[in-house]
Amino acid sequence: MVRGVVAELGMPVDLDLVRYRRFRRWIVREEVRSARWVAFGGLTGVAAFFTGAYLVARHFTATDTAFWAGVGVFVTCLLTWPPIAVLRWGMRRFPRVGTLASMLFFVAMETAAALIVYGEVVGKGPIHAVAGNFVEHSLIYDVAQAILIFSFLLTGYLVLAPIVVWTGKRRRVRHHPDARAVDTVFRCIELAHDRGKFRQPGTRYQLVTHTHEVAHLLQHGLWRTMPVRSPLAAAELRRRCLHAGQSIEILCAALVLPEAATRERYLLKMVRLAETLLSGNLGDLPDDPDRAAYTIRNRIASARRLATKVVVAAGPLAVFLLLQKQSVFTTPANVPYLTASLAWLVTFGLTAVNRFYPGEISRLPLALDLAKGGQ
């Protein structure tokens with residue numbers, strides 16, 4: 001495929017395919033090793049879910065038998081499946097509306113769970129009175145248990161998912177980033193090889209994602225492949241890798257707003273980058289003169305988006321504090337309003353953290369799948 005692109009462009013390049021095959025073998029071994037850890041983590045997550053569900057169910061049952069705890073877990077899955085199915089359908093048909101509905105659903109579950117726990121702690125909540133006689137109040141018992149188990153799973157997912165993704169990205173830039181960069185560059189060349197497929201928005205979306213990953217590896221990982229004792233040489237190497245990553249990141253804007261010659265220019269730049277990475281001639285890394293202007297605009301856009309998310313996340317809490325200062329809320333109403341505001345802040349904030357990783361919205365259906373008991 002790459003040879004066909006080189007022949008099409010008529011470029012005098014010399015790709016070290018022997019080194020590429022060595023890189024590719026290492027990538028395959030890493031993928032197998034990662035798959036094992038993912039399987040282990042998935043089994044651990046399922047076990048943690050059922051353990052937490054058992055503990056929650058056992059807390060609300062009148063007896064200490066495992067039977068009633070198991071029944072509670074089963075009923076929880078039945079109660080949470082219908083709204084989850086509706087949310088998944090909405091996210092597929094209407095992504096924006098479905099995402100907003102999912103966010104509101106998550107906040108409602110977190111708020112209800114916090115209020116249930118608060119009632120248990122102070123001994124004044126309705127669930128505290130029901131716990132000793134749950135047979136006559138089975139519906140309240142099942143709903144409360146479903147809310148607590150779902151919130152337990154959702155909170156764990158929102159907290160752990162960014163950590164896992166951040167750890168994975170950190171590992172990618174610290175362990176053979178040159179091999180990962182070359183593999184991703186070849187993947188980009190294969191995607192852009194077909195002229196008709198390149199015109200499709202889905203293909204360009206994938207190219208933007210992979211190109212951004214290449215830029216990230218160049219900026220934060222490539223300079224780690226050569227430990228240098230000289231401070232001046234180390235600073236220069238890091239500067240050139242940073243400039244190269246910014247030059248490659250400019251291509252993302254060109255992919256979003258393509259012109260007639262965008263595909264050829266993109267392939268030309270990626271093939272030359274592949275040749276540079278395989279040969280080890282880091283002095284030939286790209287250094288686009290327009291990268292500084294693009295970098296400043298990118299930072300301004302990122303700061304604006306971050307400020308917007310902070311305002312949206314802290315908005316309900318700010319409104320609550322303002323109204324409380326004006327003595328609008330009565331004392332009994334302070335707890336639910338404050339709980340809802342904090343639940344919105346935490347849920348929205350943790351979800352917004354995934355903006356720094358590809359596929360933020362696509363991770364929400366995964367959380368919904370896990371909520372059905374790891375199925």
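Only this structure's heavy atoms are used, side chains among them; waters, hydrogens and symmetry mates stay out.
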Hey, is [X] close enough to [Y] for a salt bridge, meaning N to O under 4.0 Å?
{"X": "K269", "Y": "D288", "answer": "yes"}
{"X": "E236", "Y": "R239", "answer": "yes"}
{"X": "R180", "Y": "E30", "answer": "yes"}
{"X": "E264", "Y": "R195", "answer": "yes"}
{"X": "E31", "Y": "R36", "answer": "no"}

Item checked: Working for side-chain contact (heavy atoms from CB on, under 4.5 Å), residues F186 and L278 -> CA-CA 11 Å; F186 271 65; L278 288 173; 4.2 Å; yes
Mind listing the closest non-hydrogen atom pair of [X] and [Y] along with its distance?
{"X": "R263", "Y": "A192", "value": "NE-O, 2.9 Å"}
{"X": "R19", "Y": "G280", "value": "NH1-N, 3.8 Å"}
{"X": "P286", "Y": "S247", "value": "O-OG, 3.7 Å"}
{"X": "D194", "Y": "G196", "value": "OD1-N, 3.1 Å"}
{"X": "A340", "Y": "T111", "value": "CA-OG1, 3.5 Å"}
{"X": "P316", "Y": "S341", "value": "O-OG, 3.5 Å"}

Practice prompt. Could you check L191 against F198 for side-chain contact (heavy atoms from CB on, under 4.5 Å), going step by step and ending with a plain yes or no?
Written response: CA-CA 7 Å; L191 281 172; F198 179 80; over 6 Å; no
Are the side chain of [X] and the backbone N or O of [Y] linked by a donor-acceptor pair below 3.5 Å?
{"X": "R204", "Y": "L257", "value": "no"}
{"X": "R174", "Y": "G221", "value": "no"}
{"X": "N281", "Y": "G283", "value": "no"}
{"X": "W344", "Y": "G315", "value": "no"}
{"X": "T184", "Y": "V214", "value": "no"}
{"X": "R172", "Y": "L217", "value": "no"}

Measuring only between side-chain heavy atoms, which start at C-beta, is [X] closer than 4.5 Å to [Y]?
{"X": "Y266", "Y": "P258", "result": "no"}
{"X": "I27", "Y": "V182", "result": "no"}
{"X": "I248", "Y": "H212", "result": "no"}
{"X": "Y205", "Y": "Q200", "result": "no"}
{"X": "F23", "Y": "D183", "result": "no"}

Contacts satisfying ring pair (Phe, Tyr, Trp, His ring centres under 6.0 Å) that involve residues 216-251 (not counting sequence neighbours) are H216-H220
Is there a side-chain contact (heavy atoms from CB on, under 4.5 Å) between L277 and D178? Walk through the geometry before answering.
CA-CA 7 Å; L277 294 175; D178 50 348; 5.5 Å; no
Original post:
With hydrophobic residues grouped by side-chain heavy-atom distances under 4.5 Å, do L222 and W26 end up in a single group?
Top reply: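 The answer is no; the residues belong to distinct hydrophobic clusters.
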When rounded to the nearest 0.5 angstrom, what is the spacing between [atom1] in [X] and [atom2] in [Y]?
{"X": "C241", "Y": "M226", "atom1": "SG", "atom2": "CE", "answer": "9.0 Å"}
{"X": "R240", "Y": "D284", "atom1": "CZ", "atom2": "CG", "answer": "8.0 Å"}
{"X": "L232", "Y": "L237", "atom1": "CG", "atom2": "CG", "answer": "11.5 Å"}
{"X": "F105", "Y": "T347", "atom1": "CZ", "atom2": "OG1", "answer": "12.0 Å"}
{"X": "L207", "Y": "T203", "atom1": "CG", "atom2": "OG1", "answer": "7.0 Å"}
{"X": "E213", "Y": "L218", "atom1": "CD", "atom2": "CG", "answer": "10.5 Å"}

Run the side-chain contact (heavy atoms from CB on, under 4.5 Å) check on T262 and E259 step by step: do they pass? CA-CA 5 Å; T262 296; E259 299 175 355; 3.5 Å; yes
